[in-house]
Amino acid sequence: MSQETRQKLLEGALRTLTEQGFAKTSARSVAAAAGVNQALVFYHFGSVDELLAAACRHGAEQRVARYRDRLAAVTTLSELLEFGRRMHDEERAGGHVAVLSQLLAGAQTQPRLAPATAAGLDLWIAEIEKVLARVLAGTPLAEFTDSAGLARAVAAAFVGLELYEGVDPDGAERALDALGQLAALVAALDELGPVARRAVRHRLGRSALR
């Protein structure tokens, strides 16, 4: 029963963030969404902040698990971008983008939320890094690209686009199209002949030394 109550509170916290926003998320509102007594928030988590931190990790683990197999099947940057577009649509439809935006906003004023929010993002970054290391292997960019840093840049870009879309949907769509053009450029580089590939490696190597 204790584990069941914790689960209800975690789901209730995520639902409250989606439907009411961070400012209206309280022990009372979460307990109401979970269908339990609000005293149980403090019994199981100690504070509302600790509950939200746990809910952030819980939500991220659920979402990453949902997409892990599909990410493992990605073989090119273009496929990764297409996956990102589909995932974005699914996550927005399910209200999960709203949860992320609320947690990011809350972390600006509640420092205790920041580590949990970052840990949730790190779960995504770890999966993206695996894909990038795999799809870039053997390409001219592999020798000069920090997969870990690039994975963070990709995650940050998609988080930013998810939030940006709320105020400028057309601009967000253009940004995604631009990322698609970059993926096409990488694919074109990969199709170059041996001489051209050596030239690209040489040029990238010189740039990396600056």
Interatomic spacing from [atom1] in [X] to [atom2] in [Y] - rounded to 0.5 Å:
X      : Y      : atom1 : atom2 : answer
Gln108 : Leu113 : CD    : CG    : 10.0 Å
Phe45  : Arg6   : CZ    : CZ    : 4.0 Å
His58  : Gln62  : NE2   : CD    : 3.5 Å
Leu10  : Gln7   : CG    : CD    : 6.0 Å
Thr5   : His44  : OG1   : NE2   : 4.5 Å

Point to revise | Under 3.5 Å side-chain donor-acceptor pair for Ser29 and Ser26 | key: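 Checked: Ser29/Ser26 side chains pair up, N/O donor to acceptor below 3.5 Å.
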
Donor + acceptor pair across side chains of Glu79, Thr75 (<3.5 Å):
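On atom types as modelled, these side chains qualify, holding a pair under 3.5 Å.
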
Subject >> Electrostatic pair Glu11-Arg15, nearest N-O below 4.0 angstrom >> reply: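 The answer is no: the pair does not qualify as a salt bridge.
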
Any carboxylate oxygen within less than 4.0 angstrom of a Lys/Arg side-chain nitrogen, looking at Lys24 and Glu19?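 No.
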
* To do: List in chain and number order the residues that pass salt bridge (charged side-chain N to carboxylate O under 4.0 Å, His left out) with Asp49, two or more places apart in sequence or in another chain; answer none if no residue qualifies.
  =>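 Checked Asp49 against salt bridge (charged side-chain N to carboxylate O under 4.0 Å, His left out); matches are Arg112.
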
Just jot down the ring pair (Phe, Tyr, Trp, His ring centres under 6.0 Å) partners of Phe83, sequence neighbours excluded, or say none.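 For Phe83 the ring pair (Phe, Tyr, Trp, His ring centres under 6.0 Å) partners, ignoring immediate neighbours, are Tyr67.
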
| said: What verdict does the side-chain contact (heavy atoms from CB on, under 4.5 Å) test give for Asp122 and Arg152, after you've listed the backbone C-alpha separation in whole Å, the side-chain angles of each residue and the deciding distance to 0.1 Å? | reply: CA-CA 8 Å; Asp122 280 345; Arg152 282 167 172 75; 4.2 Å; yes

Among all residues two or more places apart in sequence or in another chain, which pass the side chain to side chain donor-acceptor pair (under 3.5 Å) test with Arg68?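 Here the qualifying residues are Glu127.
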
Of the non-hydrogen atoms in [X] and [Y], which two are nearest, and what is the gap between them?
X      : Y      : result
Cys56  : Thr117 : SG-CA, 3.5 Å
Ile125 : Ala155 : CG1-CB, 3.7 Å
Leu103 : Leu52  : CD2-O, 4.3 Å
Leu51  : Val41  : CD2-CG1, 4.0 Å
Thr109 : Phe22  : OG1-CE2, 4.4 Å
Phe42  : Ser47  : CD2-CA, 4.1 Å

**Asked** Who pairs with Glu82 by side-chain contact (heavy atoms from CB on, under 4.5 Å), at least two apart in sequence or on another chain?
**Response**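 Expected list: Arg85, Arg86.
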
How would you list, by chain and number, every residue that makes a side-chain contact (heavy atoms from CB on, under 4.5 Å) with Asp168, sequence neighbours excluded?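 By the side-chain contact (heavy atoms from CB on, under 4.5 Å) rule, Asp168 matches Tyr164, Asp170.
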
Side chains of [X] and [Y]: does their closest heavy-atom pair fall under 4.5 Å?
X      : Y      : value
Val30  : Thr25  : yes
Arg70  : Met87  : no
Ile128 : Leu150 : no

For the pair Arg134 (side chain) and Glu129 (backbone), establish whether a donor and an acceptor sit closer than 3.5 Å, ignoring hydrogens and angles.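 Not confirmed, Arg134 side chain does not pair with Glu129 backbone.
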
Show every donor-acceptor pair shorter than 3.5 Å between a side-chain atom in residues 32-39 and any protein atom, with sequence neighbours excluded, or say none if there are none.
unit_1: Asn37; atom_1: OD1; unit_2: Ala39; atom_2: N; d: 2.8

